[in-house]
Amino acid sequence: MFLEVIKRRNPNLIRAAVYFHQSGLIPPNTFILDADNIERNVSLIRGEARKYNLSLYFMLKQIRNPQVFRFILDKDKKETVCVDTKDAKVIWDSGYLIGHVGHLVQVPDKEIREILLMRPEVVTVFSVDKARRFSEEASRLGIVQDILIRVTGKKDINYPGMEGGIPEEDLEGAAKDISRFSNVKIVGVTNFPSMLHANKQFPEITENLRTTLRCA
């Protein structure tokens, strides 16, 4: 889906991929990554983030190749966001720290203990029940876990399979309930998607972001 962009921005990556494939140096269905450009892009993004005092999260997604981490991550910082627990396990097993888990896909109950043992910076919960389960497991481990509440508004955009969250009108009651759990601490709210970049110079602010700000 990104071929046209790569043709414009990095045609040598395509030439290299064709050569490696046709020469038999790589098997079919292999991801080809340009480490030099990854490192350059990371430097640019970090520089802009510093200007505005923003923290960054790297999202692994389908590229579960630990070799690319060294071009992106600082081993001493929690700057990863995991699409699912499989991502978290790859990052953790590779010797890197976990920033954020549960943003798009909730942590399954049977894996909460394993995720908590990775000591993530934050986890997102979509419900009071999930917050309760995190608190119960955190209590057994003798820790307090910082959590974000995913919120949703009536006019928000939702992609299929990525819906969920506590409705805005129910947030105050839910937050009070969660605040009674002794081993989790609410540190913020989150939503998705908050901004869209559709071939425009600047990102488009979505209703989701407005919902998030009201809820915060």
Side-chain angles (χ1 to χ4, degrees), residues 54-64 66 69 72-73 77-153 156-168 170-195 206 208-209 211-216:
L54 295 174
S55 298
L56 298 171
Y57 284 135
F58 160 70
M59 181 174 280
L60 182 61
K61 286 198 169 182
Q62 294 90 348
I63 307 171
R64 296 193 172 104
F69 296 168
I72 300 172
L73 298 174
K77 294 181 179 179
K78 296 184 177 183
E79 51 184 13
T80 56
V81 58
C82 306
V83 174
D84 52 30
T85 54
K86 186 179 291 186
D87 280 3
K89 293 171 187 177
V90 171
I91 292 168
W92 183 254
D93 289 344
S94 302
Y96 291 86
L97 302 176
I98 304 298
H100 185 183
V101 186
H103 181 55
L104 294 180
V105 182
Q106 289 285 264
V107 177
D109 288 355
K110 299 297 184 183
E111 294 182 296
I112 287 177
R113 180 182 178 85
E114 184 177 6
I115 292 299
L116 286 175
L117 286 170
M118 298 177 189
R119 300 311 309 270
E121 181 180 23
V122 289
V123 297
T124 291
V125 299
F126 287 30
S127 67
V128 174
D129 283 341
K130 184 62 73 172
R132 179 186 294 109
R133 294 183 182 110
F134 265 102
S135 182
E136 290 169 350
E137 197 59 57
S139 176
R140 296 185 187 100
L141 295 172
I143 62 175
V144 176
Q145 175 63 54
D146 287 346
I147 63 172
L148 302 175
I149 298 176
R150 176 152 167 181
V151 295
T152 183
D156 285 7
I157 299 168
N158 284 294
Y159 296 140
M162 299 183 186
E163 306 91 347
I166 294 175
E168 181 178 357
D170 298 335
L171 178 61
E172 185 174 354
K176 287 179 179 177
D177 289 340
I178 293 172
S179 295
R180 297 187 184 101
F181 304 149
S182 58
N183 289 80
V184 291
K185 178 185 177 183
I186 301 170
V187 296
V189 292
T190 185
N191 202 334
F192 177 84
S194 294
M195 290 183 285
T206 67
N208 303 49
L209 181 55
T211 297
T212 307
L213 294 173
R214 289 194 305 271
C215 289

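As a basis for the values below, the full set of heavy atoms in this structure was taken, side chains included, without hydrogen atoms, waters or symmetry mates.
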Check side-chain contact (heavy atoms from CB on, under 4.5 Å) between [X] and all other residues, then give those that pass, not counting sequence neighbours.
| X | result |
| --- | --- |
| Glu79 | Arg46, Leu73, Asp74, Lys77 |
| Ser127 | Asp129, Lys130 |
| Arg214 | Glu168, Glu207, Arg210, Thr211 |
| Asp177 | Val128, Arg180 |

Separation between [atom1] of [X] and [atom2] of [Y], rounded to the nearest 0.5 Å:
| X | Y | atom1 | atom2 | result |
| --- | --- | --- | --- | --- |
| Leu171 | Ile166 | CG | CD1 | 6.5 Å |
| Phe192 | Thr124 | CZ | OG1 | 12.5 Å |
| Arg133 | Asp109 | CZ | CG | 4.5 Å |
| Asp87 | Asp84 | CG | CG | 4.5 Å |
| Ile112 | Lys110 | CD1 | NZ | 10.0 Å |
| Leu209 | Asn191 | CG | CG | 8.0 Å |

Exercise for the section: Check side-chain hydrogen bond (donor to acceptor under 3.5 Å, both in side chains) between Glu111 and all other residues, then give those that pass, not counting sequence neighbours. Expected result: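 side-chain hydrogen bond (donor to acceptor under 3.5 Å, both in side chains) list for Glu111, sorted by chain: Thr85, Lys89.
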Practice task
Check the pair Phe134 / Leu116 against side-chain contact (heavy atoms from CB on, under 4.5 Å), numbers first and verdict last.
Solution key: CA-CA 8 Å; Phe134 265 102; Leu116 286 175; 3.9 Å; yes
Practice task
Might you confirm whether atom CD of Glu172 has over 12 heavy atoms from other residues, nucleotides or ligands at distances under 6.0 Å?
Solution key: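 It does not: Glu172 CD has 12 such atoms or fewer within range.
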Problem - Whether over 12 other heavy atoms sit under 6.0 Å from Met59 CE - result: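 Count over threshold, so yes.
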Considering all heavy atoms, the nearest [X]-[Y] contact:
| X | Y | value |
| --- | --- | --- |
| Pro120 | Val123 | CG-CG1, 3.7 Å |
| Phe126 | Leu104 | CZ-O, 4.0 Å |
| Ile98 | Ala88 | CD1-O, 3.6 Å |
| Ser182 | Val144 | O-CG2, 4.0 Å |
| Asn183 | Ile143 | ND2-O, 2.8 Å |
| Phe181 | Ser135 | CB-OG, 3.4 Å |

Exercise for the section: Any pair with a residue in residues 140-153 that passes side-chain hydrogen bond (donor to acceptor under 3.5 Å, both in side chains), sequence neighbours left out, goes on the list, sorted by first then second residue, please. Expected result: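 Output for this query lists Glu137-Arg140.
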Practice task
Would you indicate whether the side-chain heavy atoms of Ile147 and Ile178 approach each other to under 4.5 Å?
Solution key: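 Heavy-atom side-chain distance check passes, below 4.5 Å.
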Practice task
Could you check if a side-chain atom of Leu148 sits within less than 4.5 angstrom of a side-chain atom of Val187, using non-hydrogen atoms only?
Solution key: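 With C-beta onward as the side chain, the pair touches.
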Handout entry: Test side-chain contact (heavy atoms from CB on, under 4.5 Å) applied to Val122 and Lys185, His100, His103, the passing residue
Key =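 Per the side-chain contact (heavy atoms from CB on, under 4.5 Å) rule, the option paired with Val122 is His100, out of Lys185, His100, His103.
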Exercise for the section: Indicate the ring-plane relationship of Tyr96 and Phe69, choosing parallel, tilted or perpendicular according to the 30° and 60° boundaries. Expected result: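 It falls in the perpendicular class, over 60°.
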Problem - Asp170 (side chain) donor-acceptor with Pro167 (main chain) under 3.5 angstrom - result: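 Checked: no pair found.
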Exercise for the section: Check the pair Tyr57, Glu121 against side-chain contact (heavy atoms from CB on, under 4.5 Å), reporting the backbone distance first and the verdict last. Expected result: CA-CA 11 Å; Tyr57 284 135; Glu121 181 180 23; 2.7 Å; yes
